[in-house]
Structure formats: C-alpha cells, structure tokens
Amino acid sequence: MNKWQEMYKEKLTTAEEAAKYVQSGDVCASTCGVGEPPALADAIAERAKQEGLHGITHELMLTLHPLKCYLPEYQDHMSSVHWFIGGPGRKAAQSAKGDYMPAYYKDVPPLWRTYAKADIAYATVSPMDKHGWFSYGPAAGEGRAQMERARVVLLEVNENMPRVHGSQFIHISEVTALIENNVPLPATPEAPLLEEELAIGKHISHMIPNEATIQLGIGGMPNAVAASIMDKRGLGFHSEMFPARAMDLMEAGVIDNWNKPVHKHKSIASFSVGPKKLYDYLDDNPAVEFHSIDYTNNPNLIAQHDNFISINATLEVDLIGQACSETIGPVPFSGTGGQSDFVRGANMSKGGKSILSMFSTAKQGTLSKVRPMLTHGAHVTVSKNDIDYVVTEFGVAHLKGKTASQRAKEMISIAHPKFREELTFEAKKLNLIP
Ligand code: COA
C-alpha cells in the first residue's frame, strides 16, 4: 500500500460520520449533474432534520437525484439553491423555499471563487488512481472552483463514475473525508425522435458545412439535429455538454476533430448526461476531454474555431428576436446555462452561426412559440443584439443584421401557418410592419 492509499484508508468513513462536518448555515456546493453526491447530500439533510440544524443549502447546476432536501419536511433544515433548474429539483426550485441563481455558466467557477463561498464542497468522483488522484468524471464544470475555498471537502467515490481525460481532478491530500457508494449513475433514456424534430434537424443540417465545429445543447432538439447530420464529414466538437448523439457521430466518423485549430483530434466538453453506454464510452477515452466550464464556454476560445455552429433549444422568441430559453412566463423552468456563452462565441467565429431551435407551437398546438412580445415575466436568455438564426419545423429566420420590421417578417414566416395572420395583426399594432 503506497502513502496515498494509506491516506485514503484514513479518510474513508460513512455518510453519517461525514455529515457531522456540517454546521447550521453552511453552503454545501456540488459540481453538476452526475457529479452530485446523493448519499452525502441525503445524510446531511437527515442529520440537519434530526438535530434541528437550520439554514443549510445544497447548491448546484442541474440536479439529477431525488434528494431529501427537495421535500417539504426537510426544507426548514436544508433547502436548495439551483444554479440551473431541472430534473427532480424543479419543483423545489419553483417553490418559495427553494431558490435559484441567475448566471452565465461560464461565470459559475469565478463566482464560486469570489462572491459565493462554499463551506462544504462535495462531489461524486471516480475511484482514486495510484498517484492519489480522483477524476471529476463527466461533471467537470465547477467542482474545483468550489473546493478551493471550502472549509471541508467531501467525496463520494463511485466505481461507476467514468475516469475521463481532461483537466479536472482532485487529489486525496485535498480531501477532508470520503465515502464509497457504488450506485448506478443517473441515466437518461434515449427518446424517439418526433417528425417535427426531424424537420428542424433537416433545416439545420443544410446550415452546417463539412469541417465545421459544432456545439449541441441540452433538450430534445439538438439530439434531432445530430441524427440529421450523419452524412457530414470532418466535423469538430466543442461543447458544454457531451450528449449520447455526439458519441454516435464520433463512432460513425462524422466527428473526427481533424480540422480543429485547438484540441485537434479531441472532442471537448464539460459535462455529460445520458444512457449507461455513454458513460462506458467516456471512460478512459482519450478522444473526449472534459474541462472546467469557464474554459469550455469562454467565447474567445469558441471564436478561435472558424465555422463554429452552436445549436441550442429555446422556449419562445418574440418578433424582434429576444429569446426566452429558461422560464415559462415568470416561472423558472431551466436556466441560462451556457446558451449565451455559445451564442456569443459562435457570433465571433469567422463563418460562425448560432442557431436557436424550437417547435412552432406548445400546448398541443394551441400556443404559438413565436410571440408578438415575450410572455409577461419571461426572462431574456439571448438578447435581440446577439440572436442570429431561429429555426422551427417551418423554416429558418435569419435575424442578424436585420431591422425590426425585417425581423418581424422573418419570424412570422417560421410561425405555424394558423398563427401567422394573428402575428401579422399584432406586428402592425406594434408598428413593426406597416
Ligand atoms: N410556453 C409554454 N410551455 C412551453 C413553451 C412555451 N413557450 N415552450 C415549451 N413548453 C413546454 C413544452 O410543451 C414541454 O411541455 P411537456 O413537458 O408537458 O411536453 C416543456 O415546456 C419543455 O419543452 P421542450 O421544448 O420539450 O424542452 P426541452 O426539454 O427540449 O428543453 C430548453 C428546451 C430550452 C428548456 C432547454 O434547451 C434549456 O434549458 N436551454 C437553456 C440552457 C441551454 O441551452 N444551455 C446550452 C448548453 S447545454
């Protein structure tokens, strides 16, 4: 046994014992997605409730576990702050006891290093190597930034967490205590693609030249795009998220990363969520690297790739091109995430395009997602000054460099035909078109 293995043995404990490091008022910060440590978070919530501690928060981007701190009976003791809303934590984030943090994802590590101090930094990590290092796995976004100023660093070691290539590791000497918990990682099923999604995918496919570098965002639509570009060649991949479809594109040779100016031959991402076969693919795979989110989402790095095409989903867009991708009216639904980071990076890339996609309608076809004005209370994710292309199943609107009047006409042309007359009437009322 080497000295790191001895140190591991000394620091190994149970979740209940590790929870004793937490005090009332502590901020417990986790890295995103599959990096969330469910056994530690639940043990802390349980101790807080049993011992009457209060004011403890569980904070992270994108929760994937149905944790105790989302339940009303725990929230007086441990509540949650969502830096991106989704999955089992959505209800808690929308309730008065939960809270959320507006931020560009690229700014999240710097925020943890300055304004938002973690008292407890915790994460699920892959097993330790012989040199004493644990990989943050495909959850590389902000874990290291959180632990740098934390009073206590707790790890949940899980042999199902892939050990990934890239830059985000933590050393046993930096850790206060650790537990082992070999539960399966949260896996998202692959949903079958809808006809409208494939229509959108086809429109977008025509906008991607061979040898471009692409980014695929979160949600159903970017997956449909990936399925529609199997005939492309020589693509590069630089993204915040590495979805299962990117694996399919790599295995089919569509993405080979040969033409990238930086990180040649490698796909670059910061986190991943998908089926188990995706986690198996990422394990010890030198063709995919994971880096901290302030690195991957830096618009200046994105812009170094000529023909950078960012593809993200949105919830509604108004006639002058303000896009809301994170709330339904005033109700928080997801978050800004890296959408604006990639829109800006793609806008700065020579030959780049940023594409926002959406179905033309919601609520079984009764609501147009092309809106005269954003729904009252909706948050602007992409400003009218940053927006470039918007795509629905009815076509492509190109808004960059267009006047308000031209934008209104472009947007109406991609609305569902049954709403076009009403949208034209509203556009006239708003003096957008004569
Ligand atoms: N008004 C009311 N309801 C709406 C709506 C609107 N304008 N737009 C969508 N909805 C409903 C849908 O009908 C759907 O309801 P259902 O679940 O009952 O079917 C639900 O909201 C989700 O919409 P959908 O289009 O399926 O969302 P998605 O899962 O594909 O995710 C975003 C889309 C925009 C929420 C997601 O991409 C996101 O969070 N983006 C911001 C962050 C980001 O892009 N990061 C980039 C890098 S990862």
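As the structure lists them, so they are numbered: ligands from 1, and atoms in each ligand from 1. FYI, side chains are in, hydrogens and waters are out, and symmetry mates aren't considered; it's all heavy atoms of this structure.
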*Which atoms from ligand 1 have a heavy atom of Gly338 less than 4.0 Å away?*
45 (N)
*Output the list of atoms in ligand 1 that are nearer than 4.0 Å to some heavy atom of Phe84, sorted by atom number.*
39 (O), 42 (C)
*May I ask you to identify, for Phe342, whether its side chain, its backbone, both or neither come under 4.0 Å of ligand 1 on a heavy-atom basis?*
neither
*What do we get for Leu315 next to ligand 1 when only non-hydrogen atoms under 4.0 Å count, side chain, backbone, both or neither?*
both
*Does the Ser270 side chain pair with the main chain of Phe290, one donor and one acceptor, at a distance under 3.5 Å?*
no
*May I ask you to identify, for Ile218, whether its side chain, its backbone, both or neither come under 4.0 Å of ligand 1 on a heavy-atom basis?*
both
_Ring geometry between Phe342 and His238 (parallel below 30°, tilted from 30 to 60°, perpendicular above 60°)_ = tilted
_Subset of ligand 1 atoms that lie under 4.0 Å from at least one heavy atom of Glu316_ = 7 (N)
*Hey, which atoms in ligand 1 end up nearer than 4.0 Å to a heavy atom of Glu240?*
47 (C), 48 (S)
*Decide yes or no for Asp26 and Ile44: does some side-chain heavy atom of the first lie under 4.5 Å from some side-chain heavy atom of the second?*
no
*Out of Gly219, Gly217, Ser357, Ala191, whose heavy atom sits nearest atom 28 (P) of ligand 1?*
Gly219
*Arg233 bridged to Asp256 by N-O distance under 4.0 Å*: no
_Mode of Leu367 contact toward ligand 1 - side chain, backbone, both, neither (heavy atoms, under 4.0 Å)_ = side chain
*Tyr281 vs Phe242 aromatic rings, parallel, tilted or perpendicular, using cut-offs 30° and 60°?*
parallel
*Heavy-atom contacts under 4.0 Å between Tyr105 and ligand 1: side chain, backbone, both, or neither?*
neither
_At less than 4.0 angstrom from any non-hydrogen atom of Gly335, what atoms of ligand 1 do you find?_
41 (C), 42 (C)
*asked:* Please compare Ala362, Gly337, Ser334 and report which has the shortest non-hydrogen distance to atom 39 (O) of ligand 1.
replied: Ser334
*Which ligand 1 atoms, with their elements, are less than 4.0 angstrom from a heavy-atom of Gln215?*
47 (C)
*asked:* I'd like to check which ligand 1 atoms, numbered from 1 as shown, lie under 4.0 Å from a non-hydrogen atom of Phe333.
replied: 20 (C), 22 (C), 35 (C)
*For atom CD of Glu73, decide whether the heavy atoms of other residues, nucleotides or ligands shown that lie under 6.0 angstrom number more than 12.*
yes
